[in-house]
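What follows is a set of notes on a single structure, which appears directly below.
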Protein chains: 2
Amino acid sequence: MTKRKTLIDVATAAGVSKMTASRALRGDRDVSAASKERVIKAAKEIGYFGNNLAASLSSERSDIIGVVVPSLTNIVFPQAMSGVSDALVGTGLQPAFGVTDYDLDREYEVVGRMLSWRPAGMIVTGVDQSAPTRQLLSEAGIPIVQIMDSDGDAIDSIVGFSHRAAGTEMAQALLKKGRQRFGYIGCNLQSDLRAGRRRQGFEDALRQSGLNFEASLTRECLSSVGDGRALTQQILTENPDLDCIYYSNDDVAFGGLCYCLHSGMGVPDRVALSGFNGLGILQGFPGLIATSTTLRRDIGHAAADIIVGSLKAAKRASQTIIMQPQTLLGALDETP
Amino acid sequence: MTKRKTLIDVATAAGVSKMTASRALRGDRDVSAASKERVIKAAKEIGYFGNNLAASLSSERSDIIGVVVPSLTNIVFPQAMSGVSDALVGTGLQPAFGVTDYDLDREYEVVGRMLSWRPAGMIVTGVDQSAPTRQLLSEAGIPIVQIMDSDGDAIDSIVGFSHRAAGTEMAQALLKKGRQRFGYIGCNLQSDLRAGRRRQGFEDALRQSGLNFEASLTRECLSSVGDGRALTQQILTENPDLDCIYYSNDDVAFGGLCYCLHSGMGVPDRVALSGFNGLGILQGFPGLIATSTTLRRDIGHAAADIIVGSLKAAKRASQTIIMQPQTLLGALDETP
DNA sequence: GTGAAAGCGCTAACAT
DNA sequence: ATGTTAGCGCTTTCAC
C-alpha cells in the first residue's frame, strides 16, 4: 500500500499551507471561500481522511462517547445502545461500545481501556461498579452517566429507574387482582443484580400481605424462551396450585406462556404470568403476559443528550432522570 | 480536576526514565525485575492509565478492530458482535462498533470515521458497500473481513454464506414435502438486501417447479413478531388456500405462528411456516417453524480470528470461509 | 486571512 | 538494562 495521505499532501495539492488546510477542513470560518473550496476539493481528490489520533492528541479531546453494557445477547442493551447512537447522529460525536459480560473485573478493564482513548463522555450500565471502576470514572473529568438503574449511588448523572420499585408495583397490582399463590422463575440472577432487585421488591410487597413465593426456580443461563418454557413446566408440575408466576424478564415469561398454551392451561385465568421490559415478542399473544414496560431507547437517548448538553455547557451539573416503568396487566385488567 | 498523569509522572515517581517506565508498563522483557516492579507500583499509586492516542500515533497502529453493522435492533447483529467480542478477549485487541441503519451513505461515513482511528482491522457487514466505501477499505492497508454474506465481491476476506442458496434450499425442501401454494411475507426488504436475495433464491426454486408465490405481502417496518402476526392474518384471510408461507426471518414467522395457534389453524399440517436464522425464540414452540440456522456468533468469531491471525502473520492472505445455513424442517420432517 | 513554530504523550531507533 | 533523540500528524498560539 502507498503511504497514507496527510494534511501536508492536501495542503500541497491545494497550494496552501498545512494550517490553512486544517482550518478549511474543520470548517473554521477564518478561511477565504476560495481557499476553502480548493482545499476540500484537493482532499477529496487525493482521498484524504484525517487522523483522529493526531487530532485528538493535539486538541486534548476526542469525539468518542464510551458506552459500556453488560451483554449484547440480551436485546434490551442493544436497544439502549441504539438510542445512544441515534442521539449522537449529527452531533459530531461517535459512540464506542464495550461489553463486560456482567463481570466487574472485565468492566474495570473495559472502562480503563476506553478512558485511555480520552473519550468526551462515558455511559455505563447500572450502579454496581466496583470501587476502583468508580474511582477511574469519577477522576476522568468527563461527564459520566449511569443508565438503566437508580437503586444505588450516582457517580455523576443517572438515567434509569428503580428495579426494586418496579417489582413492588407489579406485585401489588397482581395482589389487587386476587392472586395469592406465587411462584418465581429467574435466569442469570447471579450476575444480573437488577433482576435480583426486582425480585426483592416483589417479595417485599408479598410479605406485606403476609405472603411469600411458594416456589422458586432459578438457573444460571442466559435468559431465553426455551429455558422459560422448561422451567415453567417444572414449576407447574411440582406446584400445580400456583396462580401466578413472576419471571426475571419477558423472554423467560414468554417461554412460560408457550408452555401453558401448549398444555392447554388457561392464561391468565388459571395462572397469571408476569415478566419485565415490555418486549416486542409479547405482541405474539397480546395482553396475555403482564409486564413492566421500560423505555430502553429513551434512556439511551437521554443519557447521550445529557453528555452532549454538558459538553456544550460552561459548567456541568449532575442530573438524575427517572423513567419509571409502567405496569401493564393486559388481559388481567379485564378481570375484576 | 487535576492534570492528568503522564508517563513522566510515573517515571519520576519510580525514579527511572520515561523510556524504562514505558517498557515496564508494556511488559517488554528488557527491563530488570526490580525496575519493572517499582514502575508498576508507582503507576498504580498515582492512578496512571496511559493515553492510547499518543501511543497509537507514535507506534502507527492501534489495538482497535472496527466492526460495522447495519442495525442493533435485529438481534442477529449483536450476536455476531458478541462472537467478535469473545474472540478478541485476551488478544489485547478491542472491538469498536459502528451502526449504519442500513444506509449506504451512513456506512461510508461510519467507515471513514473508524478508519481515521487507524484500526488494526475492520469487520463490515455484507458485500453491498458503495464503491467509495469499498475504496476506503481496500486502501486502508489493514485486514478487512466482510461477514454474513457471500453473494458478492470480496474486498479482502469473507466469512458468511449465500443467502440466495439458503432460500433455494429451503424452497426445495418444502417442495419435496409436497407444498404447492406459497405465500411470502417480508419486512424491511428495501434496506435488507440479504432478505431479498433469500426471497430470490426461493423464487428460483419455485420457478424451476413451474410455481411462483401466489401472494406476497411486504412492509417497510423493522421485522417484528407483531408485524408477522398482523401480516399473516391478512395474507391467510385473502388467500385461504396457501399451504406454505416463507418469511423474511424468524421474528416475523414466529408472529405468524402465534396468529395460527390463536386462530386454531394447524401448523404445519394445514399451513407450513418457514423463517430464517434459527433464533432462540423458536424454542417457544419447538419444531413448528421450518428455518435455516445461521451461525452468527461463529461467523463473528471467525472474522475476528482472521484479523488476529493476519496481524500476526508475516504476509497476509485473503480467505473466504463459507458457513452455510442448515435447513431444519422440524415437525414437517415427520410428515411423509 | 494566512503562516511558522511549538508541542500534545507516547514509542522506535539508536546509543551506552 | 537503561537513557537519549527524534518524530508520529495534527492543533494551538502567536505572528504577520
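Order of the sequence lines fixes the chain letters, A, B, ..., with proteins taken first and strands second; residue numbering starts at 1 for each chain.
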Salt bridge between B:D151 and B:R194, side-chain N to carboxylate O under 4.0 Å?
no
Would you please confirm or rule out a distance under 4.0 Å between OP1 or OP2 of D:dT12 and any side-chain N or O of A:R26?
yes
From CG of B:D63 over to P of C:dC10, roughly how many Å is that when rounded to an integer?
15 Å
Are side-chain N/O atoms of B:N188 and B:S191 paired as donor and acceptor at under 3.5 Å?
yes
Using a heavy-atom distance cut-off of less than 4.0 Å, which residues of residues 12-19 of chain B contact DNA chain C?
B:K18, B:M19
Can you pull out every side chain to side chain donor-acceptor pair (under 3.5 Å) where at least one residue sits in residues 37-54 of chain B? Sequence neighbours excluded, please.
A:S116-B:N52
For A:R61, report the nucleic acid contact type (base, sugar-phosphate, nothing); a contact means any heavy atom under 4.0 Å.
sugar-phosphate
Rounded to whole Å, CG of A:L25 lies from P of D:dG9 at a distance of 16 Å
Using atom types as modelled and distance alone, determine if a side-chain donor or acceptor of B:T294 lies under 3.5 Å from a backbone N or O of B:R296.
no
Write down the distance between CG (A:D28) and P (D:dT11), rounded to a whole number of angstrom.
10 Å
Taking side chain as C-beta onward, heavy atoms only, is A:S71 less than 4.5 Å from A:Y102?
yes
Residue pair A:S85 / A:S82, side-chain donor-acceptor N/O under 3.5 Å:
no
Under a 3.5 Å cutoff, is there a donor and acceptor pairing between the side chains of A:T133 and A:S130?
yes
When rounded to whole Å, the CG to P distance for the pair A:N51 and C:dC10 reads 17 Å
Does a salt bridge link A:R197 with A:D128, judged by any charged N lying under 4.0 Å from a carboxylate O?
yes
Provide the full list of salt bridge (Lys or Arg N to Asp or Glu O under 4.0 Å) pairs with a residue in residues 19-36 of chain A, sequence neighbours left out, each pair given once.
none
Assess whether atom CZ of A:R61 is packed by more than 12 heavy atoms of other residues, nucleotides or ligands within 6.0 Å.
no
Value in whole Å for how far the P atom of D:dA6 lies from CD of B:E60
18 Å
Can you tell me the distance, in whole Å, between the CG atom of A:D9 and the P atom of D:dC8?
12 Å
Look at the side-chain N and O atoms of B:Y48 and state whether any lies under 4.0 Å from the OP1 or OP2 oxygen of C:dC10.
yes
Would A:R118 count as a cation-pi partner of B:F49, with NZ or CZ less than 6.0 Å from the six-membered ring centre and within 45° of the ring normal?
yes
Going by heavy atoms in the side chains, are A:L222 and A:N74 under 4.5 Å from each other?
no
From CZ of B:R118 over to C1' of D:dC10, roughly how many Å is that when rounded to an integer?
11 Å
Looking at A:T20 and C:dG1, is any side-chain donor or acceptor paired with a base atom of the opposite kind under 3.5 Å?
no
Net bend of the helix from C:dG1-D:dC16 to C:dT16-D:dA1, end axes of five pairs each, nearest 10 degrees
30°
Checking side-chain contact (heavy atoms from CB on, under 4.5 Å) against B:F77, which of B:V67, B:V68, B:V69, B:I147 comes through?
B:V69
Check nucleotides 14-16 of chain D for protein N or O atoms closer than 3.5 Å to its own N or O atoms and list the pairs.
none

Tell me, do B:V111 and B:Q129 make a side-chain contact under 4.5 Å, heavy atoms counted?
no
Please check the phosphate of C:dG9 (OP1 and OP2 only) for any side-chain N or O of B:S58 closer than 4.0 Å.
no
Counting only heavy atoms and a strict 4.0 angstrom limit, can you tell me which residues of residues 30-46 of chain A come near DNA chain C?
A:D30, A:V31, A:S32, A:S35
What integer distance in Å separates A:K5:NZ from D:dC8:P?
17 Å
